[in-house]
Amino acid sequence: MTYQEAYAKLEACGQLHVLKYYEELTDEQRGRLLAQVEAADFSILSSKEKEAGKTAQRGKITPLSAMELDEIEEKRAAFEQIGLDAIKAGRIGAVLLAGGMGTRLGSDNPKGMYDIGETRPVYIFQRLIENTMEIVRKSGAWIPFFVMTSDKNHDITVDFFEKHDYFGYRSDYMFFFQQDMAPASDYNGKVYMEEKGKISTSPNGNGGWFISMEKSGVADKMRELGVEWLNVFAVDNVLQRIADPCFVGAVISTDSAVGAKVVRKAAPDEKVGVMCLEDGRPSIVEYYELTEELMEAKDAKGDPAYNFGVILNYLFRVRDLEAIMNNNLPLHVVEKKIPYLDENGIRIDPQEPNGYKYEQLVLDMIHELDSCLPYEVVREKEFAPIKNKTGIDSVESARGLLHKNGIAL
Ligand code: UTP
């Protein structure tokens with residue numbers, strides 16, 4: 001993009017301050033800034049829901065029943081067989097979402113590099129690979145394993161895996177790709193500058209993962225390998241079951257476009273998004289959107305009707321992903337501390353939130369699909385998220401759960 005083109009694009013969306021220091025930049029810095037302007041989608045900054053946490057108007061919410069533990073146990077042998085056959089045939093791939101900033105954990109490194117060991121190093125990435133290896137051993141087949149990173153952590157993540165010899169995984173079955181970044185702005189929608197030649201950006205949420213697979217070319221690799229289903233999961237659940245044959249078998253047998261692992265809510269007001277139907281289509285309703293009436297509604301068994309929270313472990317059918325890929329997902333606006341240059345060009349690292357980042361989320365992809373199987377798992381066996389250093393969903397609580405599951409740290 002030329003300077004003139006960048007000027008026109010920025011002028012049209014009221015962001016001309018991006019070029020304030022252009023004259024001072026080296027040729028290389030100018031080139032990088034122009035490329036950043038070309039790639040950026042500034043339209044998100046004028047999003048209608050400019051208040052953090054606000055989401056678009058919801059449709060009519062009704063219950064969506066889950067496949068519960070008793071039914072799964074009854075059908076386990078058959079499901080596992082179907083799942084293992086699919087894995088053996090190379091039809092199942094894994095996608096690790098590791099592009100987040102992990103700000104709550106407060107480590108400078110990618111979250112997956114966090115060492116949760118006590119007497120030996122146990123990195124989060126290592127735990128996830130060890131879990132996948134269990135299925136590799138059981139099925140005798142390597143599962144194509146895709147890792148999403150972002151501009152902020154790509155090189156360090158790839159180096160870390162290389163240095164650790166992919167924790168025993170076959171390197172030709174591991175594929176790294178980067179997600180897109182989105183500009184971060186002040187409360188009035190003006191983008192911040194991180195350096196004189198660089199717009200402040202942050203990863204654009206975990207909702208763009210499939211588009212990023214396509215853009216980067218790893219989706220072609222995936223198709224070449226014959227993958228028909230992708231198991232997408234978060235980096236921070238250290239009890240994550242990956243390519244779980246029973247789950248895979250259940251989703252395939254029910255001919256669902258997507259399966260979502262869910263856990264029974266610990267309390268009616270627990271702060272998790274729960275599965276539901278919205279205007280007759282599968283969806284997830286956030287805890288703050290659950291009215292008193294919905295919270296008290298009961299199903300046929302007399303249990304709460306909105307009782308199953310998602311844990312960010314989904315199995316998507318690739319052909320359905322291809323069909324919805326260009327659908328617009330809602331934009332989530334999140335308040336954040338954004339480093340910026342003040343009016344004198346001095347870099348400030350704020351101690352309090354000073355603006356917004358803009359994200360699309362994987363959970364919103366569910367609503368685009370025609371069918372979803374919520375699949376119950378036992379929380380203590382499969383859900384040990386690490387969001388914080390201490391307290392709820394922390395390194396401490398995850399260590400406790402790993403011990404309970406007999407994993408030496
Ligand atoms: P979180 O919502 O916990 O976000 O991500 P985060 O950035 O890791 O952590 P905080 O909120 O800053 O503390 C859930 C999952 O989605 C991935 C994360 O890496 C994690 O696996 N994610 C999140 C991405 O891959 N990209 C993103 O842009 C955001």
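Whatever order the structure lists ligands and atoms in, that order sets their numbers, starting from 1.
- Contacts with ligand 1 closer than 4.0 Å are made by heavy atoms of both the backbone and the side chain of Pro203.
- The pair Lys215-Asp180 meets the salt-bridge criterion, since a charged nitrogen lies less than 4.0 angstrom from a carboxylate oxygen.
- Atoms of ligand 1 lying under 4.0 Å from any heavy atom of Lys387, numbered from 1 in the order shown and given with element: 1 (P), 3 (O), 14 (C).
- Between Lys138 and Asp244, no side-chain nitrogen of the basic residue sits less than 4.0 Å from a carboxylate oxygen of the acidic one, so the salt-bridge criterion is not met.
- Here the heavy atom of the protein found nearest to atom 28 (O) of ligand 1 is Gly205 N, 2.9 Å.
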* Full working for ring pair (Phe, Tyr, Trp, His ring centres under 6.0 Å) between Tyr123 and His164 -> CA-CA 10 Å; Tyr123 303 103; His164 290 274; 5.1 Å; yes

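- Considering backbone and side-chain atoms alike, Gly99 places an N or O below 3.5 Å from some N or O of ligand 1.
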May I have the list of side-chain donor-acceptor pairs in residues 205-212 shorter than 3.5 Å, sequence neighbours left out?
| unit_1 | atom_1 | unit_2 | atom_2 | d |
| --- | --- | --- | --- | --- |
| Asn206 | OD1 | Val362 | N | 2.8 |
| Ser212 | OG | Gly208 | O | 3.1 |

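- Every N/O-N/O distance between Leu312 and ligand 1 stays at or above 3.5 Å.
- Shown in contact with Met148 at under 4.0 Å from a heavy atom are these atoms of ligand 1, numbered in order with element: 25 (O).
- Other residues, nucleotides and ligands place more than 12 heavy atoms under 6.0 Å from the NZ atom of Lys196.
- Of the protein's heavy atoms, Thr103 OG1, 2.4 Å lies nearest to atom 12 (O) of ligand 1.
- Closest to atom 7 (O) of ligand 1, if we only count protein heavy atoms, is Met101 N, 2.8 Å.
- Considering only non-hydrogen atoms, atom 6 (P) of ligand 1 lies nearest to Gly102 out of Ser150, Gly102, Gly207.
- Classified by interplanar angle (parallel below 30°, tilted 30° to 60°, perpendicular above 60°), the ring pair Phe160/Phe167 is tilted.
- The closest protein non-hydrogen atom to atom 19 (O) of ligand 1 is Gly100 N, 3.0 Å.
- Those atoms of ligand 1 that come under 4.0 Å of a heavy atom in Ala234, given as number and element, are 15 (C), 21 (O).
- Of the protein's non-hydrogen atoms, Asn206 ND2, 3.0 Å is the one closest to atom 16 (O) of ligand 1.
- Closest protein heavy atom to atom 21 (O) of ligand 1: Leu97 O, 2.6 Å.
- For the pair Glu278 and Arg281, the salt-bridge criterion is not met [side-chain N within less than 4.0 Å of a carboxylate O].
- Some N or O of Arg104 is nearer than 3.5 Å to an N or O of ligand 1, by distance alone.
- Under the salt bridge (Lys or Arg N to Asp or Glu O under 4.0 Å) criterion, Glu224 pairs with Lys221, not counting sequence neighbours.
- The closest side-chain heavy-atom distance from Ile72 to Tyr375 is below 4.5 Å.
- Residue-to-ligand polar distances keep Glu359 apart from ligand 1: every N/O pair is separated by 3.5 Å or more.
- Considering backbone and side-chain atoms alike, Leu105 places every N or O at 3.5 Å or more from each N or O of ligand 1.
- Applying the 4.0 Å criterion to heavy atoms of Asp236 picks out, from ligand 1, the atoms 3 (O).
- For ligand 1 and Gln179, the ligand atoms under 4.0 Å from any heavy atom of the residue are 24 (C), 25 (O), 26 (N), 27 (C), 28 (O).
- Under the side-chain contact (heavy atoms from CB on, under 4.5 Å) test applied with Phe146, the options Val218, Leu96, Val232 reduce to a single match, Val218.
- Within the 3.5 Å criterion, the main-chain N or O of Asn388 finds no donor-acceptor partner in the side chain of Glu396.
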